[in-house]
Structures are given as structure tokens and as C-alpha cells.
S.K.: 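Before I ask anything, let me first share the structure, which is written out below as C-alpha cells.
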Amino acid sequence: MLRRAAFRLPRHPASVGLARLRVRDHMTAWGHGAHTPAVADAALLVSELATLLVRHGPLREREFEVAVTVLADGTCFIEVSDESDTGPELRAGPGLLVGLGGDDHGRSLQLVESVANAWGVWRRGPHGKTVWVLVGSAEPCLAG
């Protein structure tokens, strides 16, 4: 069975915690234990992606969208979308990532890389992108 919820939030720092809470609530409502590795990892990853959008998105007055999909096997697919065409990019060299808007540190994306089973970016033409992550239900929890 596939379960999906999507919601829009204002591009504001307070939205990061709300995105994390809503993803956690959806997953627990769909049968995941509140303290399972999948829920903790999904909350951590949506928090990191939302933070990148809030900090580095060029249009602070706009909204962003979060979608969480849970499959029958417990796998969680998270999408964070906005209207910006600026996205994370791989930098030359093994494992070096550049964050949204040229974030030279790239720590958030290194965290995404280490926690997620897979992640990527979908371009939505000239007006936006979706950064997605896949979290497996059996993966170890790296979030404290």
C-alpha cells in the first residue's frame, strides 16, 4: 500500500521544525513507531533539505512543498520542492558536495549522502526543482 501526504509551508526558519514534525506525524500515523530509525532518519533529512531551501533560496517570500510517501515495505520517499532553479551539485573530487546556492561547506548534503539510501534532484523546467531522498525502513538510525 502506498501512502502519500503533501503540504506547503512558507519559506521561513520556523517551517523547518514544522516540516520535521509533520513528516514524523504522517509516518507514525501510517504505522511506523515514533522512535524507529526510519522515522528519525526521515525527520532528519527533511529538516536538512528544508533548512537548505530556507537559507539559500533566492525568493524568501515564496513557499516550498514537502511530500512524504511511505510504501508497504516501510520505505520512505521524501520530496522537497521550490520555485528556484538553484540546486545541490556534485563538486569535482570524491564525495565533495556543494549545497544550494553555492554553500561551500556542503555539510547538510554530506549528511544527506550518508543517511539516505539514495537522493537526487528533479528539474521542473525553468521554474523549480525537487530534491528527493529515499530512506529504507531497515537502515540504521544516524540521527540522535
Side-chain angles (χ1 to χ4, degrees), residues 1-91 95-103 105-144:
M1 174 183 257
L2 176 76
R3 296 182 185 249
R4 185 173 196 273
F7 50 93
R8 297 190 69 76
L9 296 170
R11 188 185 303 268
H12 186 275
S15 294
V16 174
L18 184 56
R20 184 174 50 245
L21 177 66
R22 298 224 18 215
V23 165
R24 200 175 264 161
D25 287 350
H26 286 304
M27 290 183 70
T28 55
W30 296 333
H32 281 274
H35 303 290
T36 62
V39 171
D41 288 348
L44 174 67
L45 292 172
V46 77
S47 181
E48 292 300 318
L49 295 177
T51 297
L52 285 171
L53 290 179
V54 168
R55 284 189 181 166
H56 300 292
L59 304 171
R60 291 205 177 275
E61 68 277 11
R62 301 251 175 140
E63 296 177 321
F64 65 97
E65 181 176 276
V66 176
V68 56
T69 304
V70 178
L71 303 174
D73 67 357
T75 303
C76 181
F77 187 74
I78 299 168
E79 303 162 79
V80 179
S81 305
D82 73 348
E83 305 273 330
S84 170
D85 61 356
T86 303
E89 299 174 11
L90 291 174
R91 200 191 254 184
L96 297 177
L97 302 167
V98 177
L100 297 170
D103 174 19
H105 297 97
R107 290 186 198 122
S108 291
L109 290 175
Q110 289 172 354
L111 183 63
V112 169
E113 177 86 2
S114 66
V115 174
N117 289 26
W119 72 278
V121 180
W122 291 324
R123 301 285 177 199
R124 298 182 323 185
H127 303 291
K129 58 142 175 350
T130 298
V131 181
W132 59 268
V133 295
L134 182 66
V135 179
S137 61
E139 291 298 310
C141 177
L142 297 178

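Note that the structure is a prediction, hence the values are computed from the model and not measured. All heavy atoms count here, side chains included; hydrogens, waters and symmetry mates do not.
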S.K.: When you measure from the side chain of Arg11 to the backbone N and O of Phe64, does any donor-acceptor pair fall under 3.5 Å?
M.R.: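 The answer is no, because no donor-acceptor pair under 3.5 Å joins these two groups.
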S.K.: Where is the tightest heavy-atom contact between Gly33 and Val39, given as atom of each residue plus distance?
M.R.: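 Minimum heavy-atom separation between Gly33 and Val39: O-CG2, 3.4 Å.
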S.K.: Looking at CZ of Phe77 and CG of Asn117, how far apart are the two atoms once the value is rounded to the nearest 0.5 Å?
M.R.: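 One gets 12.0 Å once the value is rounded to the nearest 0.5 Å.
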S.K.: Any heavy-atom pair between the side chains of Leu44 and Val115 that's under 4.5 Å?
M.R.: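 SC-SC contact between Val115 and Leu44 confirmed.
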S.K.: Working to the nearest 0.5 Å, report the span between CZ of Arg3 and OG1 of Thr69.
M.R.: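 It is 12.0 Å, given to the nearest 0.5 Å.
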S.K.: Indicate yes or no: at least one non-hydrogen side-chain atom of Met27 is less than 4.5 angstrom from one of Val70.
M.R.: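 Met27 vs Val70: side chains touch.
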S.K.: Can you give me the closest heavy-atom contact between Pro10 and Ser15, atom names plus distance?
M.R.: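 For Pro10 versus Ser15, the nearest heavy atoms are O-OG, 2.6 Å.
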S.K.: Taking all atoms of both residues into account, what is the closest heavy-atom pair of Val66 and Ala19, and its distance?
M.R.: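 In terms of heavy atoms, the two residues are closest at CG2-CB, 4.2 Å.
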S.K.: Using the salt bridge (Lys or Arg N to Asp or Glu O under 4.0 Å) criterion, which residues pair with Arg4? Sequence neighbours excluded.
M.R.: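 Scan of Arg4 (salt bridge (Lys or Arg N to Asp or Glu O under 4.0 Å), adjacent residues dropped) gives Glu79.
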S.K.: From the options Thr51, Leu9, Leu52, select the one residue that forms a side chain to side chain contact (heavy atoms under 4.5 Å, CB included) with Val16.
M.R.: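 Only match with Val16 under side chain to side chain contact (heavy atoms under 4.5 Å, CB included): Thr51.
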S.K.: Report the distance from atom CG of Leu49 to atom CG of Leu111, rounding to the nearest 0.5 Å.
M.R.: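 Reported value, rounded in 0.5 Å steps: 9.5 Å.
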S.K.: Can you see which heavy atom on Lys129 is nearest to which on Arg124, and at what distance?
M.R.: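 Heavy-atom minimum between the residues: N-NE, 3.7 Å.
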S.K.: Rounded to the nearest 0.5 Å, what separates atom CH2 in Trp132 from atom CG in Leu45?
M.R.: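 Answer for the CH2-CG pair, Trp132 versus Leu45, is 12.0 Å.
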S.K.: Quick check: closest heavy atoms across Val135 and Ala38, and the distance to 0.1 Å?
M.R.: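 In this case the closest contact between Val135 and Ala38 is CG1-O, 4.1 Å.
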S.K.: List for me each residue that meets side-chain contact (heavy atoms from CB on, under 4.5 Å) alongside Arg22, sequence neighbours excluded, and say none if there are none.
M.R.: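 Testing Arg22 for side-chain contact (heavy atoms from CB on, under 4.5 Å), a comparison that skips the adjacent residues, returns Phe7, Leu18, His26.
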S.K.: Ignoring hydrogens and angles, tell me if any N or O in the side chain of Thr130 forms a donor-acceptor pair with the backbone of Ser81 under 3.5 Å.
M.R.: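 No, the answer is negative, given that no donor and acceptor are paired below the 3.5 Å cut-off.
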S.K.: What heavy-atom pair brings Cys76 and Ala42 nearest, and what distance separates the two atoms?
M.R.: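 Smallest interatomic distance, heavy atoms only, reads SG-CB, 4.1 Å.
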S.K.: Working to the nearest 0.5 Å, report the span between CZ of Arg8 and CD of Glu63.
M.R.: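 Rounded to the nearest 0.5 Å, the CZ-CD separation comes to 5.0 Å.
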